[in-house]
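So the structure is just underneath, and the comments pick up after that.
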2 protein chains.
Amino acid sequence: MATGNITIKELAKELNLSTAAVSKALRDSHEISAATKERVMAVAEKLNYVPNPYAGSLRHRKSKTIAVVLPEVADSFFSLAINGIESVAIEKGYHVLLYLTHESILKEEAIFKDLASGRVDGVLLSISSETDGIDHIRSLFNRNMPIVFFDRTCEEIETVKITTNDYESGYKAAEHLIKCGCKRVAFFSISNSLQINNKRRQGCLQACRDHDVEEGFSHLLLSNRASEVNYQLIKAEMLKPDRPDGIVASVEKFTTDIYLICRELGLGIPADVKVVSFSNLASVSILDPALTTITQPAFEMGELASSILIKSIELKSFALKNENRVIPSTLTVRASTVGK
Amino acid sequence: MATGNITIKELAKELNLSTAAVSKALRDSHEISAATKERVMAVAEKLNYVPNPYAGSLRHRKSKTIAVVLPEVADSFFSLAINGIESVAIEKGYHVLLYLTHESILKEEAIFKDLASGRVDGVLLSISSETDGIDHIRSLFNRNMPIVFFDRTCEEIETVKITTNDYESGYKAAEHLIKCGCKRVAFFSISNSLQINNKRRQGCLQACRDHDVEEGFSHLLLSNRASEVNYQLIKAEMLKPDRPDGIVASVEKFTTDIYLICRELGLGIPADVKVVSFSNLASVSILDPALTTITQPAFEMGELASSILIKSIELKSFALKNENRVIPSTLTVRASTVGK
DNA sequence: TTGAAAGCGCTAACAT
DNA sequence: ATGTTAGCGCTTTCAA
C-alpha cells in the first residue's frame, strides 16, 4: 500500500460530484444518469483509479480472497493442484493466499488461528502429515468459515472433500504388482494419520488378501522430512531376507531413494523389485527404468475444489454438504513393473 | 469473512472500557496499567478475539501482504523459490498472495493493474516469457510499489534483481559439452525476450567461440506452452544432417521431450548426443541416463528476494537500489554428458 | 438524479 | 491511566 493511490473522494472533487454519486456511477447504478456515468468513468480511467480493496472488504465483510493451505509446493501433485485452484480463482475474481505448513501441525494451527481474522472468505485445505487433532480446523469451521478439503482430508469435518479413488488406486497398484509376479508387496507410507495414505494402504492390503499373498504384505512408515532418514529406512527394508519384491510408494518423493538404493544394493528394477508410485511428474517416462505410476487428476481436483468453494461463498443457497467428490486416478504401466 | 468475528467494540463493552483503551492494551502500550492489560488479554483470549486485518490495513496503509507473480508453479525452480519466499514471509508476519501468469503478458498486465489498488505492500516478480513491453511494471513501480525481481528480471526497472550467474552457467554448460567432445552445441531457448534465457545462450555461444566450435553453435526457440509443438520442433532439429551433438536446455521441462525423441530416433545419450539442462528436479539422478544439470539456488533466491523486499517495506531507510544480487548455480556432471 | 451522513473495525491525537 | 473523537476509503440508507 505504498502506492499514493487515488481515492473516490479525489475523483469526486475532480468531478464536482459527491463521493456517493461517484461510487454509484462506478458500480453502474441505475440511479445515476448515463451522462454522469460516462464522465465518471472517463476521469476514473484517466486518473487510473483502482478501488481500495480493504475499504470494500471492511464494508462488505467479504475479501474476495481464499486461502490455500497445504503441506508443500515442491511436489508435482500440489503444484498442479495450485494451478487448477488459481485458474478458477482468478477467473472468478478471487485472490489466492498461499500458506505452507511444511508438514507441521504447529504451523497449520498458527495459520488457522490467523484465518479466524476474516482475512479470507474460504479455505482450501490439504492437511499436514502430522495433523491428528483437528480442533484448529473445527474451530474455524464452527465460525462458519467455508472449508473445502482436497486430497488430504479430515473425515470428521462435515464439508465437501475432493479426493481421488485412493482405496481403489492402492488396490490396483498392488494387484498390478501381484499380477506381475510379486509375492511380497510393501506399501511405503508418508504418514499413518492421513486418510488418503491409509486408504491407499488398505487397498494394497486388500489386493494382497484377494490374491492370496497377504502374509507377504508389509508396511513401512517413512518420514516426510529428512530424506537421509528415509534412505536408511528403505535400505534397511531392502536388506531384509524377506525384502519386498514389489513396492507401492504413496508419494513421488520416495522414488528417487528407492531407485538409488536398489542400484546401490544391486537389485534390478523390475527384475528383482517392481515399483509403482503415486506421481504426477512429467519425467517419469524417462526414468531408469520408466516408472509405473498412479497419476492423480491434480489439476482437476484443484479446479473442482476451488469452484465449489467459491460457489459456496457466493451462493448462500449452496451450502457445503458433507460429501466426497471423487475423481479417479489412472494407472499407467511402464518399465518399472514389467519387461526386461 | 463469514466468521461472526468479535470486535474491539464488543471487547470494550465486555470489559467496561473504551475501545481505545482496549486497542492500546492489546498492543501492549505503556500508557495502560498492567492490571488492565491482563484483564483485556484474558477476555480477548477467552472470546477468541482476532483483529480484523482489513480495518488495520485501512488505517495504516499497510497490508502486511506481498504478491508473488510468476509464470507457473509446476516447475521445480519456482516451487522451491516459493518455498523460500513463503518461509521468510511467514516468519516476518507477512502474507503471500500468489498470482500465476501462465506465461501470458495479458494476464501479467491484468495482475499488475489490480496490484495498483494497494492490496499488497510489495511485489516479487519473475516475468512471463511473453513479456517484452514493461509499461505495466513501470507504472506500478512509479507509484512507489516496491518490486524485487527474481530469476526472470527486467533490466530496465531500477530495483533489486536476484539472479543466478546465468551467463557463466551457460558458458560452463557449453564448455563442459565441448570438453566432452561435442562439436555442434545447441541451446534450446524458452523465449528470446527473457534476459536470463539470452544470457545463458550468450554464455553458450562464448564458450563455443573460445573453444573454436562457434560455427557449430545453433539456437532453437521452443514454446513455453504446448509440448506437442516442442516435440515436433526438437525432432526436426535432431533429424537435420548437422544435428547437434550437445544440447543445453534452458529449462527442465524440455528434457523429457529431448530424451524421448533421442530414444525414438535411436540416438544414444550421451553417445550420440550429450545433454545438460537447467533443472532443480530431485529425480535427475535416476533418469535414463542420469542428467547433467545446472542447479539453481532456487530456495535461496526466494529467501533473499523475500527478505530484501520485506526489509525495504519496513525500513524506509532501506531503499531498493538498482542492483544485481547473484547467487551462483552448480554444474553437476552425470551420465547424460559422460560415460558409456 | 444527486448529496449528506453514518458506519464497517481499528488506531492515533488529543482530551480528561 | 483511560476516554473521546476523528478518520482510513468505501457503500448505503435516507433526504433533497
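Note: hydrogens, waters and symmetry copies are ignored here, and every other heavy atom, side chains too, is used. Chain naming here is simple, since letters A, B, ... match the order of the sequence lines and numbering starts at 1 in each.
- At a threshold of 4.0 angstrom between heavy atoms, the contacts of A:Ser23 include nucleobase atoms, whether or not backbone atoms are also involved.
- Atom pair B:Lys13:NZ and D:dG3:P shows a separation of 15 Å (rounding to whole Å applied).
- Considering only residues two or more places apart in sequence or on other chains, A:Ser139 meets the side chain to side chain contact (heavy atoms under 4.5 Å, CB included) condition with none of them.
- Between B:Arg27 atom CZ and C:dA12 atom P there is a gap of 6 Å when expressed in whole angstrom units.
- Side-chain N/O atoms of A:Tyr54 include none lying less than 4.0 angstrom from OP1 or OP2 on D:dT11.
- The listed nucleotides are D:dC8, D:dT11, D:dC10; the one nearest the side chain of B:Leu58 is D:dC8.
- When rounded to the nearest whole Å, the span between CG of A:Asn52 and P of C:dC10 equals 17 Å.
- Close to C:dG7, at under 4.0 Å from its OP1 or OP2, lies no side-chain N or O of B:Lys9.
- Atom P of nucleotide D:dT2 and atom NE2 of B:His30 are separated by 13 Å, given to the nearest angstrom.
- Computed from coordinates, the B:Ile8 CD1 to D:dT2 P distance equals 15 Å when rounded to whole Å.
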N/O-N/O pairs, protein side and nucleotides 2-4 of chain C side, under 3.5 Å:
from  : atom 1 : to      : atom 2 : distance (Å)
C:dT2 : OP1    : A:Thr36 : OG1    : 2.8
C:dT2 : OP2    : A:Ser33 : N      : 3.1
C:dT2 : OP2    : A:Ser33 : OG     : 3.3
C:dT2 : OP2    : A:Thr36 : OG1    : 3.0
C:dT2 : O4     : A:Glu31 : OE1    : 3.4
C:dG3 : OP2    : A:Ser18 : N      : 2.8
C:dG3 : OP2    : A:Ser18 : OG     : 3.2
C:dG3 : O6     : A:Lys24 : NZ     : 2.4

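- Rounded to whole angstrom, the span from the CD atom of A:Glu10 across to the P atom of D:dC8 amounts to 10 Å.
- The phosphate of C:dG7 (OP1 or OP2) has no side-chain N or O of A:Arg59 nearer than 4.0 angstrom.
- Remark: A:Thr163 pairs with no residue by the side chain to side chain donor-acceptor pair (under 3.5 Å) rule, at least two apart or across chains.
- Look at B:His60 and you'll find a side-chain N or O under 4.0 angstrom from OP1 or OP2 of C:dA12.
- Partners of A:Glu72 by salt bridge (Lys or Arg N to Asp or Glu O under 4.0 Å), not counting sequence neighbours, listed by chain and number: A:Lys253.
- Under the rule for a side chain to side chain donor-acceptor pair (under 3.5 Å), the partners of B:Asp151 that lie at least two apart in sequence or sit in another chain are B:Gln296.
- Atom CD of B:Glu155 has more than 12 neighbouring heavy atoms from other residues, nucleotides or ligands inside a 6.0 Å radius.
- Here A:Ala25 pairs with A:Ile32, A:Lys37, A:Val40 under the side chain to side chain contact (heavy atoms under 4.5 Å, CB included) rule; sequence neighbours left out.
- Atom-to-atom, CG of A:Leu26 to C1' of D:dT12 comes out at 15 Å; the value is rounded to the nearest Å.
- At distances below 3.5 Å, at least one donor-acceptor pair connects side-chain atoms of A:Ser87 with backbone N or O atoms of A:Asn83.
- A straight line from CG of B:Leu11 to P of C:dT11 spans 11 Å, rounded to a whole angstrom.
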